[in-house]
Amino acid sequence: MAEDDSKVAKLSAETMRSEKPVTLWRTAWRRLFRRKSAVLGMIMLGLLVFIAIFAGLLAPYDPYQVLIGIENVKARQDPCIHLLGCPDDQPQHLMGIDGNVRDMFSRLLYGARLSLLVGFTTVSFAIVIGVTLGALSGYLGGWVDNVIMRMMDVLLAFPSLLLAIAIVTILGPGIQNALLAIGIVSIPAYARVTRASVLTVKQMEFVDASRSLGGGTFYILFGRILPN
C-alpha cells in the first residue's frame with residue numbers, strides 16, 4: 001500500500017509539473033474562444049486583414065487607374081461578371097465602374113487598408129488614453145476623479161460626430177488629424193468603463209494584501225487591479 005501511495009503521489013506531482021500554469025491571459029483566451037460571436041468576429045477581422053495585406057494580388061486593376069482609352073468602358077458602368085452572362089468580349093468588372101472611370105472592386109480591396117488603419121489606430125489610442133484616465137480616476141478618487149470625470153462629461157455632452165468635425169476644423173484637414181479626432185471622441189466610453197471596474201476591484205482583499213506588503217500605487221494599479 002505504501003508503494004502504491006508513493007507511485008500515485010509521484011504521478012500527481014509529474015502531472016502538476018507538466019500542466020501549464022493557469023494565468024489571467026490564458027483564462028481570458030479560453031473564455032473568448034468559447035463565445036461564438038467572438039470567434040465569428042475574429043474570422044471576419046482575419047478575412048479583412050488578409051484582403052488588406054494581399055490587395056495588390058487580389059485586385060485586378062490599379063485603384064487609381066482611369067480606364068478611359070485603355071478599355072471600352074464609361075463612367076458609372078454596371079457590373080460585368082462573365083460567369084453570370086456578361087459577354088466575353090466586354091472587360092470584367094465585378095462591381096462596375098465609378099464616376100471617375102475606375103474599377104470599384106479594386107478600390108474596395110485597397111480601401112480595406114485605410115479602414116483597418118483608421119480602426120486600429122483610433123481604437124488603440126482611445127483604449128490607451130481612456131483606460132489610463134479611468135484607472136487613475138477610479139483608484140485615486142478625490143479631486144483627481146472629479147477633474148477627469150468632468151472632462152469626460154464635457155466630451156460626452158457633444159454628439160460624437162459633431163465633436164470630431166469641430167476638432168478636425170480646428171486642427172486642419174488631413175488623415176492624421178481625422179484619426180486624432182475620432183480617437184478623442186472615443187476616449188470617454190473606455191474611461192468610464194475602466195473607472196467602474198477599478199472601483200469594484202480595488203475593494204477586494206488581494207489589493208489590500210498587496211498594499212499591506214508595501215506595493216506602490218503604480219504596481220497595485222497596473223500590476224494587480226487592471227489585469228483583474
Side-chain angles (χ1 to χ4, degrees), residues 32-33 35-131 152 154-193:
L32 181 65
F33 281 106
R35 296 180 179 271
K36 296 181 179 179
S37 58
V39 174
L40 178 61
M42 286 190 292
I43 293 174
M44 295 174 63
L45 181 60
L47 180 61
L48 288 176
V49 172
F50 176 83
I51 291 174
I53 293 175
F54 297 101
L57 299 176
L58 298 175
Y61 298 91
D62 187 318
Y64 302 103
Q65 182 182 14
V66 178
L67 300 177
I68 294 179
I70 300 176
E71 294 181 350
N72 186 21
V73 296
K74 57 183 180 179
R76 302 194 183 282
Q77 183 173 302
D78 294 334
C80 175
I81 304 175
H82 294 159
L83 292 177
L84 298 181
C86 183
D88 294 338
D89 58 346
Q90 185 175 343
Q92 179 172 251
H93 298 282
L94 300 181
M95 294 184 176
I97 304 297
D98 67 359
N100 293 318
V101 198
R102 296 173 298 189
D103 184 68
M104 287 289 293
F105 181 67
S106 301
R107 293 183 62 78
L108 179 67
L109 295 181
Y110 276 90
R113 294 182 176 180
L114 181 59
S115 298
L116 290 176
L117 174 64
V118 172
F120 279 115
T121 303
T122 55
V123 170
S124 300
F125 174 80
I127 287 177
V128 171
I129 304 299
V131 168
M152 298 300 105
V154 170
L155 292 177
L156 288 173
F158 298 93
S160 57
L161 180 58
L162 295 180
L163 181 58
I165 294 174
I167 294 173
V168 172
T169 303
I170 295 173
L171 298 178
I175 185 63
Q176 294 85 359
N177 294 336
L179 295 178
L180 181 61
I182 298 173
I184 290 175
V185 300
S186 303
I187 288 175
Y190 297 102
R192 294 174 71 90
V193 170

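Just one of Ile97, Val101, Asp103 meets the side-chain contact (heavy atoms from CB on, under 4.5 Å) condition when paired with Gln77; it is Ile97.
Tyr190 is listed as a side-chain neighbour of Val123, based on a closest heavy-atom distance under 4.5 Å. Using a 4.5 Å heavy-atom cutoff, the side chains of Leu155 and Leu163 are in contact. With a 4.5 Å cut-off on side-chain heavy atoms, Phe158 and Val154 count as touching. Val185 is not listed as a side-chain neighbour of Leu161, based on a closest heavy-atom distance of 4.5 Å or more.
In terms of modelled atom types and a separation under 3.5 Å, the side chain of Thr122 and the main chain of Gly119 share a donor-acceptor contact. Using modelled atom types, no side-chain atom of His93 and backbone atom of Arg102 make a donor-acceptor pair closer than 3.5 Å.
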Trace of the side-chain contact (heavy atoms from CB on, under 4.5 Å) decision for Leu179 with Phe125: CA-CA 9 Å; Leu179 295 178; Phe125 174 80; over 6 Å; no

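The line from CD1 of Ile184 to CG of Leu171 is 7.0 Å long, rounded to the nearest 0.5 Å. To the nearest 0.5 Å, atoms CD1 (Ile51) and CZ (Arg113) are separated by 11.5 Å. Put simply, CG on Leu116 and CG on Leu45 are 7.0 Å apart, with the number rounded to the nearest 0.5 Å. In this structure, Leu108 CG and Asp98 CG are separated by 12.0 Å, a value rounded to the nearest 0.5 Å. Atom NE2 of His82 sits about 10.5 Å away from atom CG of Leu84, to the nearest 0.5 Å. Rounding to the nearest 0.5 angstrom, the gap separating the CD1 atom in Ile165 from the OG atom in Ser160 is 9.5 Å.
Nearest heavy atoms, Pro60 versus Ser106: CD-OG, 3.3 Å. The two residues Ala164 and Ala181 come nearest to each other via the heavy atoms O-CB, 3.6 Å. Contact record, Gly183 with Ala126: O-CB, 3.6 Å, taken as the closest heavy-atom pair. Contact between Ile175 and Val118 at its shortest, heavy atoms only, is CD1-CG2, 4.3 Å. Of all heavy-atom pairs spanning Tyr61 and Tyr110, the tightest one is O-CE1, 4.4 Å. Residue Cys80 comes nearest to Pro91 through the heavy atom pair SG-O, 3.4 Å, listed as atom of the first residue, atom of the second, then distance.
Around atom CE of Met104, no more than 12 heavy atoms belonging to other residues, nucleotides or ligands sit under 6.0 Å away.
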